Amino acid sequence: MTEYTISLQAYAKAVLHCAKYSHASVHGLLLAEKKDGKVRMVDAIPLAHNWTQLTPMFDVALQQAQLYAKAKGWSVSGYYVAYEDTETTQLSASGALLARAVSASSGEDIVAFVIDAKKLGPGSTQPGLVPYVSVDSQWKEQTAAFTGAKPKGGAATFVLENNRVQAATLKLVAERADIGIHDFDEHLDDVTLDWLQNSALSERIRTA
């Protein structure tokens, strides 16, 4: 059984990417450090808001993200997507294809997360992430994730890093911190934009 922990950096960046382009579908990658069967998602890299299909640009971005992760001693261990239709929490066929491509390129199993916009408001007690893992070549929703319930059959567990992850992220969204996040799409238009690290935003999240 693998235990997944989602850090504030990873959660906040994925949600802020979603908030910045709330009119569109967005997707990105999650970077992890691994130890003793535990996986900690330490950061997120936003990819795109103009396309959510498998394209040559996706391959280019994925390769750069993997090089960045390797230099940090991390791995690309997750994929996230938020759909334009905020009612959708099912991983789409294109999302599954992209997650599979990330897994194949990384040479390891990954987790795909669908962002549930309905759980991003101040009244929600659950994180706005719906995880899917690949079981027998099918992406299965992990219904016990983030609930504190013991998963059945040795399934993976999912927790937030601490109690302030959701509150800090809501505060950042309210402060319009999403203006400061840049994805690979934006980088293609302006190569000076820091899409891999989003350094200024990372520091803001650290102090949120």
Side-chain angles (χ1 to χ4, degrees), residues 1-15 17-18 26-48 51-82 89-116 127-146 150-161 165 183-184 195-198 202:
M1 179 178 70
T2 303
E3 178 182 311
Y4 292 91
T5 300
I6 316 300
S7 72
L8 173 59
Q9 284 286 344
Y11 186 79
K13 282 184 182 176
V15 171
H17 190 204
C18 174
V26 304
H27 65 165
L29 303 169
L30 294 166
L31 310 184
E33 57 184 11
K34 300 179 177 181
K35 186 177 181 180
D36 300 329
K38 297 181 179 180
V39 179
R40 180 174 179 265
M41 300 295 186
V42 294
D43 207 352
I45 296 180
L47 292 182
W51 46 268
T52 53
Q53 295 82 34
L54 189 59
T55 66
M57 285 297 95
F58 178 83
D59 292 334
V60 170
L62 176 57
Q63 290 173 10
Q64 292 187 37
Q66 288 172 327
L67 289 172
Y68 170 73
K70 184 177 181 180
K72 290 282 191 176
W74 301 337
S75 62
V76 177
S77 297
Y79 167 81
Y80 73 83
V81 60
T89 58
Q90 292 292 317
L91 186 66
S92 69
S94 62
L97 183 64
L98 289 166
R100 190 77 63 197
V102 174
S103 179
S105 182
S106 299
E108 62 179 66
D109 291 334
I110 70 158
V111 180
F113 294 91
V114 177
I115 296 178
D116 185 352
L129 294 176
V130 181
Y132 288 78
V133 300
S134 181
V135 179
D136 297 328
S137 300
Q138 298 291 324
W139 290 95
K140 303 291 187 182
E141 180 181 346
Q142 303 301 286
T143 55
F146 304 110
K150 187 176 181 180
K152 298 179 180 179
T157 62
F158 295 85
V159 296
L160 294 180
E161 184 174 50
V165 170
D183 61 19
F184 184 66
W195 70 283
L196 280 170
Q197 299 185 67
N198 276 285
S202 294

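Keep in mind the model is a prediction, meaning the values are calculated, not measured.
Not a single side-chain hydrogen bond (donor to acceptor under 3.5 Å, both in side chains) links Thr89 to another residue, sequence neighbours left out. With sequence neighbours left out, Lys72 forms a side-chain contact (heavy atoms from CB on, under 4.5 Å) with Tyr68, Trp74. Residues that satisfy the side-chain hydrogen bond (donor to acceptor under 3.5 Å, both in side chains) test with Thr5, not counting sequence neighbours, are absent from this structure. Taking Arg100 as the reference, Ser134 meet the side-chain hydrogen bond (donor to acceptor under 3.5 Å, both in side chains) condition, with sequence neighbours excluded.
Note on residues 28-39: pairs passing salt bridge (charged side-chain N to carboxylate O under 4.0 Å, His left out), not counting sequence neighbours, are Glu33-Arg40, Lys34-Glu108.
Between the CD1 atom in Ile115 and the OH atom in Tyr11 there is a gap of 8.0 Å [rounded to 0.5 Å]. The OH atom of Tyr132 sits 11.0 Å away from the NZ atom of Lys140 when rounded to the nearest 0.5 Å. Within the model, atoms CG of Asp183 and CD1 of Ile45 stand 12.0 Å from one another, a figure rounded to the nearest 0.5 Å. Distance CE/Met41 to CZ/Phe113: 4.5 Å, rounded to 0.5 Å. Separation of atoms CG (Leu98) and OG (Ser92) is listed at 8.0 Å; rounding is to 0.5 Å. With values rounded to the nearest 0.5 angstrom, Lys13 atom NZ is found 12.5 Å from Leu29 atom CG.
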After noting the C-alpha distance and the side-chain angles of Leu129 and Ile6, does the key distance pass the side-chain contact (heavy atoms from CB on, under 4.5 Å) rule?
CA-CA 10 Å; Leu129 294 176; Ile6 316 300; 4.2 Å; yes
Please walk me through it: do Val133 and Asp109 pass side-chain contact (heavy atoms from CB on, under 4.5 Å)?
CA-CA 8 Å; Val133 300; Asp109 291 334; over 6 Å; no
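Under the 30°/60° scheme for interplanar angles, the aromatic rings of Phe158 and Phe146 are found to be tilted.
Within the 3.5 Å criterion, the main-chain N or O of Gln90 finds no donor-acceptor partner in the side chain of Glu141. No side-chain donor-acceptor contact under 3.5 Å links Ser103 to the backbone of Ala99. Without hydrogens or angle criteria, Gln197 side chain to Trp195 main chain gives no donor-acceptor distance under 3.5 Å. Side chain of Tyr79 to main chain of His27: no donor-acceptor pair is present (N/O by atom type, distance under 3.5 Å, no hydrogens or angles).
Across every non-hydrogen atom of Pro131 and Val111, the tightest pair is CB-CG1, 4.0 Å. Between Gly78 and Ile110 the shortest heavy-atom distance is N-CB, 4.2 Å. Listed here is the closest heavy atom pair of Gln9 and Ser202: NE2-O, 2.8 Å. For the pair Ala82 and Cys18, the tightest heavy-atom approach, listed with the atom from each and the gap, is CB-SG, 3.7 Å. The heavy-atom pair separating Ala156 from Gln142 by the smallest distance is N-OE1, 4.3 Å.
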Show me, pair by pair, the donor-acceptor contacts under 3.5 angstrom made by side chains of residues 55-65, not counting sequence neighbours?
unit_1 : atom_1 : unit_2 : atom_2 : d
Thr55  : OG1    : Met57  : N      : 3.4
Thr55  : OG1    : Phe58  : N      : 3.2

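Contact check for Pro46 versus Asn198: side-chain heavy atoms found under the 4.5 Å cut-off.
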